[in-house]
Asker: 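Would you mind keeping the following structure in view while I ask a few things?
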Amino acid sequence: MTDTPNNLDTLRQRIDEIDNDILRLISARAECAKQVAEVKTKSDKGAVFYRPEREAQVLRRIMELNQGPLNSEEMARLFREIMSACLALEQPTKVAYLGPEGTFTQQAALKHFGQSAVSMPMAAIDEVFREVEAGAVNYGVVPVENSTEGVVSHTLDSFMDSSIRICGEVVLRIHHHLLVADTTLRDKVSRVYSHPQSLAQCRKWLDAHYPRAERVPVSSNAEAAKMIKGEWHSAAIAGDMAAKLYGLEKVAEKIEDRPDNSTRFLIIGSQHVPMSGEDKTSIVVAMRNQPGALHDLLEPFHRHSIDLTRLETRPSRTGVWNYVFFIDFKGHVDEPRVAAVLEEVRLRASELKVLGSYPVGVL
Ligand SMILES: C=C(O[C@@H]1C=C(C(=O)O)C=C[C@H]1O)C(=O)O
């Protein structure tokens, strides 16, 4: 086919017709979502509009059905936005995240809830927890582990004194850039600001390219991006969102030491999420400090062939029990075999708290 005006006209006409169909179908879908809202409101006084398990199923089904030419992730992203707009018709979702604006956590919040969610930056992880607990927002998004640097202990600690539940997870590929402002003297950079985790994730690159620059840890990489605006000798390490938000230029792109650098975030809220068909459960367990305690704790999982996906140890702050274990595993508390394991663990542990069962991250 040649690119003659005639061919182009015909193709564009065809695209217009398809767009008419898409428009009609999206509107019909949105109408349906509005009716779903009515059903939910009628059947339940404190109606919960956002349903993580259903959203995960919708996205997984689309990815399975997709035959190209768009790849499945791309297609799911489009449906993510359609669902986000449909959910906003039912009820605008308010989401608190670890700010300021431009952080990877905001990017994770938008990836998970779509652009129609109202996202609100908080200054600290415990503030995100407090806002969710107080009911000022519907959900919160907090980082929990990075593939290079490990656990975000502040997030785990926040679960210990809270009744908050985990409703979902989202994994984000993290790309760091070295950023400067238009006033920065690029060949005289003597200071690099970033979040301590980001500085750690780019340690080797900094050693090779800026061995003499002072590395200054600040509360977030968006904060770092903001700070360098008034300083001639400073650069920041941050991601795309922060670069765009503060109008900074990239001196070097993707400077993270590991190409597969990714961060896992948790969606926190107050609802119990039913099974989606592919779920994970997070628990926190306190054990008496005696020989074999960890073995006793893990043995039932092994016997019931339950896959552990993460095990984290934190010192207990109560002083009575020496250690608490954060455990993530495949499965849902409503599955009999998971319920059986938890019953056994409960007998062996001095304390057991289920933080939540939730769909394995789709996007
Ligand atoms: C429409 C519903 O409500 C919300 C919107 C969804 C959608 O647009 O598909 C899916 C789940 C809910 O978050 C529903 O529960 O089915």
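When a ligand or atom number is given, it counts from 1 through the structure's own listing order.
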Asker: What residues come within 4.0 Å of ligand 1, counting heavy atoms only?
Answerer: R29, V36, K40, F49, Y50, R51, R54, E55, M83, C86, L87, E90
Asker: Side chains of Q271 and C167: does their closest heavy-atom pair fall under 4.5 Å?
Answerer: yes
Asker: Quick one: side-chain hydrogen bond (donor to acceptor under 3.5 Å, both in side chains) partners of D279, sequence neighbours excluded?
Answerer: S276
Asker: Salt bridge between D307 and K280, side-chain N to carboxylate O under 4.0 Å?
Answerer: no
Asker: With K250, which residues qualify under salt bridge (charged side-chain N to carboxylate O under 4.0 Å, His left out), at least two apart?
Answerer: D240, E253
Asker: Would you call E38-K34 a salt bridge at under 4.0 Å N-O?
Answerer: no
Asker: Tell me the ring-ring contact (aromatic ring centres under 6.0 Å, His included) pairs involving residues 209-251, sequence neighbours left out?
Answerer: W205-H209, W205-Y210
